[in-house]
Amino acid sequence: MTRDSPLGSSLSDMQLKTELHHQNQWRMLLRDWSTGVYEQLGVNANVNHRKRSRGGRTTAIAVLIAAVGLVASACGSGGSSEAGGGDGLPAIINVASIRDMTGHTAFAGVPTYKGAQVAIDEINKTKYLGDSVLKMEKLDPASSPQTAASLTSQAVASREYSAILGPVLSAEAMTVGPIAQKGKLPVIFTQSGTEGILIGDYTFRATAPYPFYYDAVGEYLKSKGVKTIAVIYDTTVSSYIETTEKIIPQWESKFGIKIVATTAVQASTQDFTAPVSTILKSNPDVVAQFTLGTANGTVVQQLRQGGFDGTVIAVNGAGSGNLKGAGENGAGVVWPTSFSAAQADESAVKFIKLFQAMFPDETPTNYAAEGYDAVWWLARALKKVDSASPEQVQKGLVAVSKEGFTGAAGAITFEGNDMRIEKPVLVEWDGTTEALAK
């Protein structure tokens, strides 16, 4: 006897019981997600929260809505099968790229995606994985944590992917991580430099965290005789908050550099005249400005208009052409990064040639290099375990992290699932282009 299921297909009694059992499993998973996601965001699951926390973190309820989408998708995707099976690599290995191609962090997401394309093209052409081919699907969260969570839920439910190449924005990564971890689908983030991103054995990061970079900046400023610093920072970005409130305050004891003023702005701020005026009253030796995208150029230009002619410290988002709007006023902006096209070492030069062969009119940025290295980390993992199943890929990523490898950023090592490079690169904008800071 057959009967119609809620999904509209005709099932036998045994098939129906099996389907209902699977639905109950997904409901239990959703319940677990509700607890895990709330814990990750520091939220009491028994309280009705309506506000976002600082740093642009999405509310837990938005993530749970995305998880509901996973339950519906999983219950209706009975025809799909999990990638790989432990008996060698399949002909096509699918990975999902959940990175901002639009939205306010597209300046980072687009080049990261292009760097990944360069790596995949190299891997496939050289037959690094034998006859198997890596295929990357582009999924655009558009700088929305809710959308990133929904896309991750769909990727987990589809059971088509061996791994996720995760977003650059910390607020998105904080919603992606718990879902990928619970679904046991490895995710490799780039950027997303704040604390709390790597929450389990299925979460990985192909960018060193912010403290690693900014202590190098502190050493650089100390060598220049800097004693005081003022900071303008965007409070919608978690890593900027962490850098301003946790890392730079340590500079006084480490490097003799004291914070004399801080002022907060939002991603929506377009005129920085008032915050610039506020911090310049403290007469700092150096100004640090941590803003997104083209706001970098605007802040620097208004600092110069306000009479400040000293060094400006920025985040690596100052690259990717975001200082061009400041023109000559942008000269003297310094930031730390994992890679610069101004480097002359062998691994950097190799990557630059590969990138410009695919994108002739572009200069690769640190975001592109990180996207490239993330895919090569994944490819090495796939080759090591000779399987495309997510569980085996996770083991492969861990194994590669214990060995390290040479990538576009040079010699790469790891602390757990977190990438490290030998030494950050300090870059300076000279008014027209990027050069290595002197």
Side-chain angles (χ1 to χ4, degrees), residues 89 93 95 97 108 111-130 132 134 136 162-163 165-166 168 186-193 198 204-210 212-213 216 316 319 336-359 362-386 393-427 434 436:
L89 295 172
I93 304 167
V95 296
S97 172
T112 303
Y113 182 82
K114 289 181 176 180
Q117 284 182 296
V118 172
I120 289 172
D121 184 67
E122 181 185 10
I123 290 162
N124 291 342
K125 284 183 176 178
T126 60
K127 290 188 175 293
Y128 179 79
L129 297 175
S132 297
L134 266 179
M136 178 172 60
S162 296
L165 300 172
V168 300
V187 55
I188 305 174
F189 298 107
T190 54
Q191 293 295 305
S192 298
L198 304 185
F204 302 82
R205 180 165 50 198
T207 306
Y210 266 59
F212 176 79
Y213 290 99
N316 51 31
T337 185
S338 58
F339 166 88
S340 170
Q343 290 176 250
D345 54 282
E346 183 179 350
S347 58
V349 170
K350 175 192 172 187
F351 168 65
I352 293 167
K353 288 181 178 178
L354 287 170
F355 185 90
Q356 292 185 325
M358 183 172 283
F359 304 103
E362 298 183 33
T363 300
T365 65
N366 62 296
Y367 303 117
E370 290 166 1
Y372 175 88
D373 286 343
V375 170
W376 267 107
W377 184 5
L378 175 60
R380 285 175 164 85
L382 288 161
K383 188 168 187 175
K384 184 171 286 291
V385 297
D386 193 31
V393 171
Q394 183 273 336
K395 293 177 182 178
L397 289 168
V398 171
V400 174
S401 72
K402 293 178 180 178
E403 300 171 354
F405 62 92
T406 299
I412 292 171
T413 58
F414 296 83
E415 289 187 13
N417 292 356
D418 213 4
M419 186 180 282
R420 296 292 186 274
I421 57 175
E422 188 172 4
K423 187 178 180 181
V425 180
L426 291 182
V427 177
E434 294 178 19
L436 299 181

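Positions are given from 1, in the same order as the sequence printed here. Note: hydrogens, waters and symmetry copies are ignored here, and every other heavy atom, side chains too, is used.
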Distance col, row I93:CD1 vs L378:CG, nearest 0.5 angstrom, shows 8.0 Å
d(D373 CG, F405 CZ) to nearest 0.5 Å is 5.5 Å
side-chain contact (heavy atoms from CB on, under 4.5 Å) between N316 and Y367, worked out | CA-CA 9 Å; N316 51 31; Y367 303 117; 3.2 Å; yes
P336 versus K423: any side-chain heavy-atom pair under 4.5 Å?
-> no
S192 side chain vs V168 backbone, donor-acceptor pair below 3.5 Å = yes
Of all heavy-atom pairs linking N366 and Q191, the shortest is ND2-NE2, 3.8 Å
Closest approach of L134 and N124, non-hydrogen atoms and distance?
-> N-OD1, 2.9 Å
Is there a side-chain contact between F355 and Y372, using heavy atoms and a 4.5 Å cut-off?
-> no
Contact summary for S347 and G407, nearest pair of heavy atoms = CB-O, 3.1 Å
Rounding to 0.5 Å, atoms CG (L354) and CD (E122) come to a distance of 5.0 Å
Measure the shortest side-chain to side-chain distance between F339 and I352 over non-hydrogen atoms and say whether it is less than 4.5 angstrom.
-> yes
Between the OG atom in S401 and the CH2 atom in W377, the distance rounded to the nearest 0.5 Å is 6.0 Å
Side-chain heavy atoms of L89 within contact of D386, under 4.5 Å = yes
Under the side-chain contact (heavy atoms from CB on, under 4.5 Å) criterion, do V427 and Q343 qualify, and how do the steps go?
-> CA-CA 10 Å; V427 177; Q343 290 176 250; over 6 Å; no
Would you please test V95 and V375 for side-chain contact (heavy atoms from CB on, under 4.5 Å) and show each step?
-> CA-CA 10 Å; V95 296; V375 170; over 6 Å; no
Would you say the side chain of F414 lies within less than 4.5 Å of the side chain of L397, judging by non-hydrogen atoms?
-> no
Does the ring center of F351 lie less than 6.0 Å from the ring center of W376?
-> no
Are any non-hydrogen side-chain atoms of L129 and K383 less than 4.5 angstrom apart?
-> yes
For the student: nearest non-hydrogen atoms of I421 and A409, plus distance = CG2-CB, 3.8 Å
Considering all heavy atoms of both residues, which atom of Y113 and which atom of S97 are nearest to each other, and what is their separation?
-> CD1-OG, 3.4 Å
Rounded to the nearest 0.5 Å, what's the gap from OG1 on T363 to CD on E434? Could you check?
-> 8.5 Å
Inter-residue atom distance I188.CD1 - N417.CG, 0.5 Å rounding | 10.0 Å
Between S338 and Y213 the two heavy atoms that sit nearest each other are CB-OH, 3.3 Å
Could you tell me whether the side chain of T207 and the main chain of T190 form a donor-acceptor pair under 3.5 Å?
-> no
Go through the structure and list residues passing salt bridge (charged side-chain N to carboxylate O under 4.0 Å, His left out) with K114, not counting sequence neighbours.
-> E362
Worked check of side-chain contact (heavy atoms from CB on, under 4.5 Å) between M419 and F204 | CA-CA 8 Å; M419 186 180 282; F204 302 82; over 6 Å; no
